[in-house]
Amino acid sequence: TRLQGIAKRPFEKAVLENDDMIVHLSGEGGGIKTVIFKNYDVANEPPAAINDHAPASSFDLANIGGLQFGDEFKIKQASGGKKVTASRETPEILVTKTYWLEEEYQLKVEITLVNKTKKIVSSTDKKPPSMCIGTASPLTHLDPGDSLGFGWLNDADKYATGTLHNVTDKPWYAFWAIPRFKSFSNEVKAQWIAVNNQFFAMVVTPQGVPFMGIHADAVPIDKSNLPFARGDQKAILVLADVGTPSLAPEETRTLSFNVYAGPRDFRRLEALGQKQGFVMDYGMWAYFCKLLLGMMVWFHGWMGNWGLAIIAMTTVIKIIFWPLTNASTRSMKRMQVLAPKMKEIQEKYRDDSQKLQKETWKLYADYGMTPLSPLGGCLPMVVQIPIFFALFSMLRSPVQLRGAEFLWIKDLSMPDTIFHLGALPVNPMPLLMVVAQIWQMKSPASRASLRRRSKSWPVFRRRRRCRPPGRKPFNR
């Protein structure tokens with residue numbers, strides 16, 4: 001990777017802190033080592049953080065004026081502790097990085113490059129300097145890594161994403177294979193770049209010149225902070241190309257960035273003003289996801305419990321779709337009544353397709369139906385599919401559910417495992433669902449319904465065997 005050769009040694013440190021987060025800065029690269037969020041701690045789990053277990057600091061800069069990743073910077077904290085400056089001088093340039101906190105989960109970063117010489121200072125490969133955006137790493141040793149990702153908004157206002165799978169060459173069908181990791185690279189203009197785990201994100205938005213390229217590597221995590229990490233757990237390190245490939249003689253250039261480091265909260269992200277709400281990664285179901293999230297938050301404000309809020313939300317959805325479900329049920333019942341009569345007509349007019357068609361239409365008309373009526377039983381399910389997918393997408397990453405308790409469930413964002421049988425987790429919720437399904441299948445009403453459906457199915461198969469008028473039956 002681009003980070004080869006970083007030597008681990010003691011570095012100067014500094015901290016910026018407000019009511020919501022603690023930003024740890026390091027002399028290693030003169031950048032942000034990790035961001036810890038105060039209000040989202042969960043018992044018996046590591047601190048809620050972004051850019052943790054990272055091989056490099058955010059805003060570590062390389063590939064210009066002799067700078068390399070991991071270079072040592074001098075750290076100075078201003079009086080009052082509201083601002084931190086990191087500086088390093090090479091034979092060609094002077095680099096100064098300044099960090100200060102804004103409201104809530106926002107901070108600003110300025111990087112000043114000064115060409116001390118009377119000649120042009122260029123990057124080694126004629127490409128813009130490379131800067132570390134951040135690292136998406138697992139929150140716990142149970143995190144499978146499929147929630148880690150990165151994304152960007154290109155110059156056409158289109159959002160694109162990457163995940164851990166994008167930086168592996170493991171085939172999609174070889175789920176049993178050990179993945180081999182490789183790099184991701186895309187030379188694209190980006191208005192902002194984000195790295196995220198399941199619940200938290202770091203979004204870096206340049207002021208003025210956009211990013212000129214994105215690069216990602218799957219890297220081993222620092223297990224000193226995650227001692228129970230599995231051997232297959234990885235983190236995603238994201239780099240970006242910034243500025244231009246060279247500095248004119250004695251030129252001073254300042255690169256400015258707005259940074260959001262906080263929960264993946266749609267309201268907060270959207271308020272940043274440059275479509276950062278895309279970081280929620282709702283995809284094509286975004287409209288419905290926003291509605292469902294707003295509904296869930298409203299019910300929580302009324303009930304005070306996220307488990308009850310989810311139950312109330314799903315109940316409302318069920319009530320809204322009840323007319324469609326009821327229409328589907330009535331359509332199925334009419335078809336059950338119609339099936340025997342349809343069978344009689346087919347047997348009676350099996351040799352006269354015109355008469356069969358006429359009597360079939362007449363039968364449908366007598367019952368207020370059409371030949372397309374059987375589709376009425378499926379249509380309500382098709383209409384509800386966007387809501388089902390949106391509900392799944394929305395419930396994947398709402399930070400509000402992290403650590404939320406309900407009944408025996410200690411964390412609504414995690415499986416409700418109560419104990420293990422060897423390596424097999426025992427989760428009551430799926431087991432209760434299976435028991436309920438079996439009970440429904442064994443109930444007398446359900447068995448009668450299945451028998452009626454099985455009698456109606458052959459009706460539509462036999463219609464295809466009707467012969468045109470005059471054609472003799474086929475003798476086997």
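The chain is numbered in sequence order, starting from 1.
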Q.
Within a 6.0 Å radius of atom CG on Asp19, are there more than 12 heavy atoms belonging to other residues, nucleotides or ligands?
A. no
Q | Cation over ring face, Lys275 and Tyr159, 6.0 Å, 45° | A | no
Q.
Taking the side chain as everything from C-beta on, heavy atoms only, tell me whether Phe59 gets closer than 4.5 Å to Leu61.
A. no
Q) Of all residues at least two apart in sequence or in a different chain, which pass the ring pair (Phe, Tyr, Trp, His ring centres under 6.0 Å) check with Phe389? A) Trp285
Q: List the steps, then state whether side-chain contact (heavy atoms from CB on, under 4.5 Å) holds for Val84 with Val23.
A: CA-CA 11 Å; Val84 171; Val23 181; over 6 Å; no
Q: Calculate, to the nearest 0.5 Å, the distance between atoms CG and OG1 belonging to Leu308 and Thr315 respectively.
A: 10.5 Å
Q. Using 4.0 Å as the upper bound for N to carboxylate O, is an ion pair formed by Glu72 and Arg88?
A. no
Q | pair Lys97-Leu25: side-chain heavy atoms closer than 4.5 Å | A | no
Q. Have Asn18 and Glu102 got a donor and an acceptor in their side chains that come within less than 3.5 Å?
A. no
Q. With Tyr40, which residues qualify under ring pair (Phe, Tyr, Trp, His ring centres under 6.0 Å), at least two apart?
A. Phe200
**Q.** Glu251 side chain near Leu113 side chain, heavy-atom distance below 4.5 Å
**A.** no
Q.
Considering only residues two or more places apart or on different chains, which pairs with a residue in residues 297-306 satisfy salt bridge (charged side-chain N to carboxylate O under 4.0 Å, His left out)?
A. none
Q) Under the 3.5 angstrom rule, does the side chain of Arg264 hit a backbone N or O of Val399 as a donor-acceptor pair? A) no
(Q) Holding to salt bridge (Lys or Arg N to Asp or Glu O under 4.0 Å), I want the full list of residues that pass it with Asp265, two or more places apart in sequence or in another chain. (A) Arg268
Q: Could you tell me whether Trp302 atom CH2 has more than 12 heavy atoms of other residues or ligands within 6.0 Å of it?
A: no
Q.
For a 4.5 angstrom cut-off between non-hydrogen side-chain atoms, does Val95 reach Phe73?
A. yes
Q. Taking Ser58 for the side chain and Ile133 for the main chain, is one N or O donor matched with an acceptor at less than 3.5 Å?
A. yes
Q) Is the closest side-chain heavy-atom distance between Phe406 and Ile310 below 4.5 Å? A) no
Q: Would you check if Ile387 and Phe321 make a side-chain contact, meaning some heavy-atom pair closer than 4.5 Å?
A: yes
Q: Taking the side chain as every heavy atom from C-beta outward, state whether Val195 and Met202 have any pair of such atoms under 4.5 Å apart.
A: yes
**Q.** Lys38 atom NZ: more than 12 heavy-atom contacts under 6.0 Å
**A.** yes
Q) Out of curiosity, Lys82 NZ to Gln77 CD, how far, rounded to the nearest 0.5 Å? A) 10.0 Å
Q. For Lys108, what residues pass the side-chain hydrogen bond (donor to acceptor under 3.5 Å, both in side chains) criterion, not counting sequence neighbours?
A. Asn258
**Q.** Neighbour count above 12 (heavy atom, 6.0 Å) for Gln400 CD
**A.** yes
Q. About how many Å separate NZ of Lys33 and CG of Asp52, when rounded to the nearest 0.5 Å?
A. 9.5 Å
Q: Go through the structure and list residues passing side-chain contact (heavy atoms from CB on, under 4.5 Å) with Lys318, not counting sequence neighbours.
A: none
(Q) Distance check, rounded to the nearest 0.5 Å: Ile317 atom CD1 versus Phe388 atom CZ? (A) 8.5 Å
Q) Which of these passes side chain to side chain contact (heavy atoms under 4.5 Å, CB included) with Ser130: Val242, Asp241, Ile64, Leu67? A) Asp241
Q. With Leu247, which of Val114, Ile120, Asn115 fulfils side chain to side chain contact (heavy atoms under 4.5 Å, CB included)?
A. Asn115
Q) Are Lys83 and Trp100 in a cation-pi setup, meaning NZ or CZ lies under 6.0 angstrom from the ring centre and within 45 degrees of the ring axis? A) yes
Q | Whether Trp152 and Phe150 hold their rings parallel, tilted or perpendicular, with breakpoints at 30° and 60° | A | parallel
Q. CG/Leu239 to OG1/Thr135 distance, rounded to the nearest 0.5 angstrom?
A. 8.5 Å
Q. So with a 6.0 Å cut-off around CD of Glu187, is the heavy-atom count from everything else above 12?
A. no
Q) CG/Asp281 to SG/Cys289 distance, rounded to the nearest 0.5 angstrom? A) 10.0 Å
